[in-house]
Peer 1: 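This is the structure I have questions about; it appears just below.
Start at 1 and go down the list; that is how both ligands and their atoms are numbered. Values below: every heavy atom of this structure, side chains too, minus hydrogens, waters and symmetry copies. Numbering of residues begins at 1 and proceeds along the displayed sequence.
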Amino acid sequence: MGNLRFDVVHDAFKKKAAEVDIPAGKPSDFFGSQVFNRANMEKYLDSQTYQKLVLCMDKGATLDGPTADKVAEGMKAWALDHGATHVTHWFQPLTEGTAEKHDAIEQFDGSSLVQQEPDASSFPNGGIRATFEARGYTAWDPTSPVFIQDDTLCIPSVFIAYTGEALDYKTPFKKALKAVNDAAVPICKLFDPNVKRVYSYLGWEQEYFLVDEDLFAARPDLMLTGRTLMGHSSSKSQQLGDHYFGAIPSRVTAFMKEVETEGYKLGIPLRTRHNEVAPNQFEMAPVYEEANLANDHNQMLMNVMTRIARKHGFVVLFHEKPFEGINGSGKHNNWSLGTDTGTQLLAPGKDANGNLQFVTFFVNSLAAVQKHNGLLKASIASANNSHRLGAHEAPPAIVSAFLGKAMTEVLRKLLELPSDTPIEIAGKKGRHVGLVEIPEIFVDNTDRNRTSPFAFTGNRFEFRAVGSSANCAGALTVLNAAVAEQLTLFKAQVDKALDMGKPLQIAIMDCLKPLIAKVLDTICFEGNGYSEEWKKEAARRGLDTESSVPKMFCKFTSAEAVELFTSQGICDLKELEARNEVKWQTYTTKVLIEARTAARMALNHILPAGLEYQRNLLENLDLMRQNFPDKYRQMASTQIDLIKECGELITDIKSRSEELDSAREKAEALQEAFPKALAAEKAAEKIRFLRESIDRLEELTDNALWPLPKYRELLFIN
Ligand code: ADP
Ligand code: MG
């Protein structure tokens, strides 16, 4: 019998790094060359049109028809000069990834720049649009620059139903970013009247796996679900930790170089690349940017990576947990706020006043995370991420915040000392007991806690629970909305205190103290997030400990969440309900595809291999009996044991795959999204149960008969 596995392993092992065509010069010479950025706008637009467009980009002014025509004309000329033949509105529907519908560029004009009508019936909408009136429209988001990918001019857009509801990630995200600006500016003005805008920043760290494409093609589970549904762990996996920061393999280096080059051309400020902890796992991170742009860049880069990987004979896996027993992939979201005057609001200030401002934003952010911890968890929950969260290398399924020693001490002191104690930079006044001191720079990178889902890292918070395949906007819409709500509440309290005649510092500290006491007692946790005790402790502290993904989503329509989103104009109730429908449907669809795939593989791949091995053993036994009729039972005792165990496993695999089938059928028979998702969750348990027997059979069976590329091959060939 031919074995596909050996063919693909043989081929994959011999592959060499592909040639990469890198433009001459420094990256800065071609950085942004595929982007219609301000320099290109100035070149291709008359100055009046350019000025009007800048107003739209910077101040949110609307683009009038005649100006839109002129902008489109300039854009088209630029695009044609760069070889574009097609144009598309590029948007982020509630599925993963991005969507595009390409039109020939010839007819492109102002109205098609501003608005397009993709046939949107096949995008998830949670029942907002019945399929027969399947029309939504996409509209350009001028705050995110237009770019060329391949031969297509891509116009970053929002996606909205004709009835006005948002059908994408971008729309509510932009509203949350506006909310946090609106709430933060008045507080900043207490410290500096020149502040006009507050930006929310995002620096993402994208983790991913690379798998050789031929090996990938020999694994139906990877192909259909993005993860392995079975596979015995390799004798060597990540124990040595020798992959992390080790030399990057040459085929992978070539891939990374090409991705970086394409990324630079698209204006993505990529900065670091390195190996991750697990074999064949890697990370890429850019310099942080304004959050909406940073998220577009992440979505663009994921597209680029997927495309370029194939040129290098790889498939890139963004799944949160492609391999059991091996680290999963996350996408740390480094989040902060900063002003248009250049102040980082989550970094220590230059003086006591700056420090007071820092502490104000720091504590209010924590209070927001405390209040909405369950919702934040819901925002990162998905079928994929459920395999990563709570597992041993990933943040637990409870949202808590890690501050580090220095900031925990600062908060304790702020609570103890009188409200007018100045908050000094450490060392400036010498060591002093009656002083609150903040380290100027947090040099101590070892003071880190990998088990924390939300960690302070000196000038930002790092939301680590976000999944590698996720759209960052899901998590950051909630985070920014929650912080905005808290800041607004806080400002009202401070105003009252100021009206009573309190000086600014006392007014602020008097309002901060109850918040500090509360966050220290609830959301702040410096210990081991993986421990069993923490689960109990977290429940005692009133933190959300729900571990069922479909149930987590219910938080989105809880009273606090509805208040959070509607009072700030981010989403209305109908949208929240529709989004939950989509979340449940997506969860169910993913799990049921996995269920079908696992059961079929059990029957079509695994049982035949097990049966053949058993047959070989029986033949061997038969020969033993013929040759040694008297002693064969002792002599072949190993064979007999193996035959028995093989038989038991074969029976288990058959019965467990039948159990899985019936759990899947139960879920399929249900109509409503929530109960269906709960039923799918039961099927997910059966997938795990089935895999236990399969993995044991793999461990037992003759290597030559095993049809699927093994973990060691998937993880170590590159
Ligand atoms: P680490 O792995 O140590 O967390 P990385 O360099 O991989 O560090 O990623 C850190 C990310 O955080 C980068 O994207 C970086 O630009 C970003 N970052 C740094 N400072 C800020 C900030 N003030 N706000 C948001 N993101 C930031
Ligand atoms: Mg980080």
Peer 1: Consider only side-chain N and O atoms of K174 and T143, and report whether a donor and an acceptor are under 3.5 Å apart.
Peer 2: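 A pair is found: one side chain offers a donor N or O, the other an acceptor, under 3.5 Å apart.
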Peer 1: Side chains of N471 and Q92: any donor to acceptor distance under 3.5 Å?
Peer 2: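 The answer is yes; a qualifying pair exists.
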Peer 1: I'd like to check the ring-ring contact (aromatic ring centres under 6.0 Å, His included) partners of F173; sequence neighbours left out, ordered by chain and number.
Peer 2: none
Peer 1: Mind checking whether Y201 has an N or O less than 3.5 Å away from an N or O of ligand 1?
Peer 2: no
Peer 1: Mark up the atoms of ligand 1 that fall under 4.0 Å of a heavy atom belonging to V287, in ascending order.
Peer 2: 16 (O)
Peer 1: Ignoring hydrogens, just give me the one of R271, Q344, M284, Q206 whose non-hydrogen atom is nearest atom 6 (O) of ligand 1.
Peer 2: R271
Peer 1: Quick one: does W335 get an N or O within less than 3.5 Å of an N or O on ligand 1?
Peer 2: no
Peer 1: Within the 3.5 Å criterion, strictly below it, is a donor on D296 or W90 matched to an acceptor on the partner's side chain?
Peer 2: no
Peer 1: Pick one of side chain, backbone, both or neither for how H332 approaches ligand 1, counting any non-hydrogen atom pair under 4.0 Å.
Peer 2: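 Neither; no heavy atom under 4.0 Å.
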Peer 1: If you take the nearest heavy atom of each of R460, H274, R464, which one is closest to atom 10 (C) of ligand 1?
Peer 2: R460
Peer 1: One thing to verify: whether K257 and E260 come together as a salt bridge, which I'm taking to mean a side-chain N less than 4.0 angstrom from a carboxylate O.
Peer 2: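 Not counted as a salt bridge, because no side-chain N and carboxylate O are separated by less than 4.0 Å.
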Peer 1: Nearest heavy atom to atom 14 (O) of ligand 1 wins, so pick from A455, P286, A291.
Peer 2: P286
